[in-house]
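For reference, the structure is listed below as structure tokens.
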Amino acid sequence: MTPADDYKHMARALRLAERGLYSTHPNPRVGCVIVKDGQVVGEGWHEYAGGPHAEIHALQQAAAQAAGATLYVTLEPCCHHGRTPPCTDAVRAAGVKQVVVAMEDPNPQVAANGLRILQEGGIKVSSGVLAAEAEALNCGFVMRMRRGRPWVRAKLAMSLDGRTALASGVSQWITGAEARRDVHRLRARSAAIMTGVDTVLTDDPSLTVRLDDVEVHHQPLRVILDSRLRTPPQARLLGLPGNTLILTGEQPAAGAAVFGARVEVTGLPQVAGHMDLAAVLQHLGSREINEVHLEAGATLCGALLAAGLVDELVIYLAPHLMGDAARGLFALPGLERMQDRIDLDIRDIRAVGKDWRITAKVST
């Protein structure tokens, strides 16, 4: 195989991995392609947690043709017993002669051990083909494995003059229907949708996934940050399909009884009367939450951004003006010098209906 072949087949494996975008949580999205004598003889992707991994699907399709073939996979094959047996055993048993991986698995249970086991079995291995693309597809899984917390993606909608709501608080709707459908796709790929209690009190949101063109495998966990346990039991989201987690600084037993069985109330540390945001994300990481979709007001979004806990911004820019009395995007007090600015790396700008979607990574 030439380097060009490696990139071509790994690109195909990544496209296969994307098919698990909405369904593999808490596992990573993985695709696999098996090639023999220049021909693809097997393909597969990880479809859902607890089901066969991508390599197993591809090996089953390739059958006897896997012997002497090259296997391309977007993430290092697992070498430990979890819900399924190790993929390294299946790869070796099939007689594969070479394995090319996009990236090594950051899971400490694997962490290059899968490649080592394959090498010890006489299989030629290499890694690093389209590694950045593979990591971007699994940004949440990688973040949780490396830092113990989820990837935080903040969704915001604003007018051309940077306003998110009128002075009265009215914000529906800043963007058009196409942009709102796009937001539901972002929600669907996330394991949790997080907001603050002030948004619950002001907007009474649903925070559910509602899509006609995408199979909804799960409703993300709804997470409310509520330091004084002010969430009303009659809030709309508490009665909708899916589960809700209220994170509070109060002793949870005192108020938890008023909520239904699908609502969990958990107490976490506070800092100066506010939720300890780092502790919040570490707690969500401990629950195997890979990606958090943040839909909140300027105060919570600003606090998370200032604390270095927002990884990505997805901003929908609507072609209208709302005036200087309207509400801004972030509450970021203390940015008084140019060197205090928060730098962004713009990754993508594209039209979504009549609006523009800007995707930016927060520089670290």
Side-chain angles (χ1 to χ4, degrees), residues 22 150 152-159 163-212 214 216 218-248 255 258-260 262-266 275 277 280-281 284 289 291-305 310 312-316 318 322 326-331 352 355 357:
Y22 305 118
V152 177
R153 180 181 295 109
K155 186 281 299 182
L156 304 116
M158 69 178 188
S159 60
R163 303 299 172 176
T164 63
L166 297 174
S168 63
V170 174
S171 61
Q172 297 180 345
W173 295 103
I174 292 176
T175 56
E178 293 88 347
R180 296 198 297 275
R181 279 195 295 271
D182 197 56
V183 170
H184 281 276
R185 292 185 177 87
L186 291 178
R187 288 181 178 182
R189 68 171 289 169
S190 305
I193 303 172
M194 187 165 70
T195 193
V197 66
D198 287 337
T199 297
V200 174
L201 293 170
T202 302
D203 297 340
D204 197 19
S206 298
L207 300 185
T208 55
V209 176
R210 302 182 297 280
L211 287 170
D212 296 327
V214 171
V216 179
H218 74 290
Q219 285 294 338
L221 177 69
R222 295 181 290 269
V223 180
I224 304 171
L225 303 193
D226 183 0
S227 61
R228 300 197 301 277
L229 209 55
R230 294 182 292 143
T231 301
Q234 66 274 18
R236 182 193 310 177
L237 56 79
L238 300 185
L240 294 173
N243 297 316
T244 301
L245 170 66
I246 300 175
L247 297 179
T248 181
V258 301
F259 301 109
R262 290 186 303 188
V263 180
E264 177 185 349
V265 181
T266 298
M275 299 298 299
L277 298 177
V280 165
L281 294 185
L284 295 180
I289 300 294
E291 295 182 24
V292 167
H293 178 90
L294 176 65
E295 292 194 25
T299 300
L300 179 55
C301 286
L304 283 161
L305 189 60
V310 174
E312 183 179 8
L313 302 176
V314 179
I315 302 172
Y316 294 87
M322 295 174 65
R327 300 183 181 183
L329 205 59
F330 296 103
V352 180
D355 305 304
R357 187 186 70 196

- Query: Which pair of heavy atoms, one from D355 and one from A318, lies closest together, and at what distance?
  - Reply: OD1-CA, 3.3 Å
- Message: Looking at every non-hydrogen atom in both residues, tell me the closest pair between V209 and Q219 and how far apart they are.
- Response: N-OE1, 2.8 Å
- Side-chain heavy atoms of L245 within contact of L284, under 4.5 Å: yes
- Looking at side-chain heavy atoms only, is the closest gap between L211 and R187 below 4.5 Å? no
- Query: Nearest heavy-atom pair of C301 and V310: which atoms, and what distance?
  - Reply: O-CG2, 4.4 Å
- Query: Taking atom CD1 of I224 and atom CG of D198, what is their separation to the nearest 0.5 Å?
  - Reply: 11.5 Å
- Task: Indicate yes or no: at least one non-hydrogen side-chain atom of R180 is less than 4.5 angstrom from one of T175.
- Result: yes
- Do Y316 and K155 come close enough that some side-chain heavy atom pair is under 4.5 Å? yes
- Query: So, for R222 and P241, which heavy atoms are closest and what is the spacing to 0.1 Å?
  - Reply: NH1-O, 2.9 Å
- From R357 CZ over to D182 CG, what is the distance, rounded to the nearest 0.5 angstrom? 4.5 Å
- Message: Out of the candidates V263, T208, T231, T244, only one should pair with L237 under the side-chain contact (heavy atoms from CB on, under 4.5 Å) rule; please name it.
- Response: T244
- Just wondering, do V292 and V223 contact through their side chains at under 4.5 Å, heavy atoms? no
- Given side chains that start at C-beta, do those of L281 and P150 come closer than 4.5 Å, heavy atoms only? yes
- Message: So L294 and L300, do their side chains get closer than 4.5 Å, heavy atoms only?
- Response: yes
- Item | Closest contact, heavy atoms only, P233 versus L238 | O-CD1, 3.6 Å
- Item | Nearest heavy atoms of T195 and E295, plus distance in Å | OG1-O, 2.7 Å
- Side chain of R210, backbone of H184: donor and acceptor closer than 3.5 Å? no
- Are H293 and P220 side-chain neighbours, meaning at least one heavy-atom pair lies under 4.5 Å? no
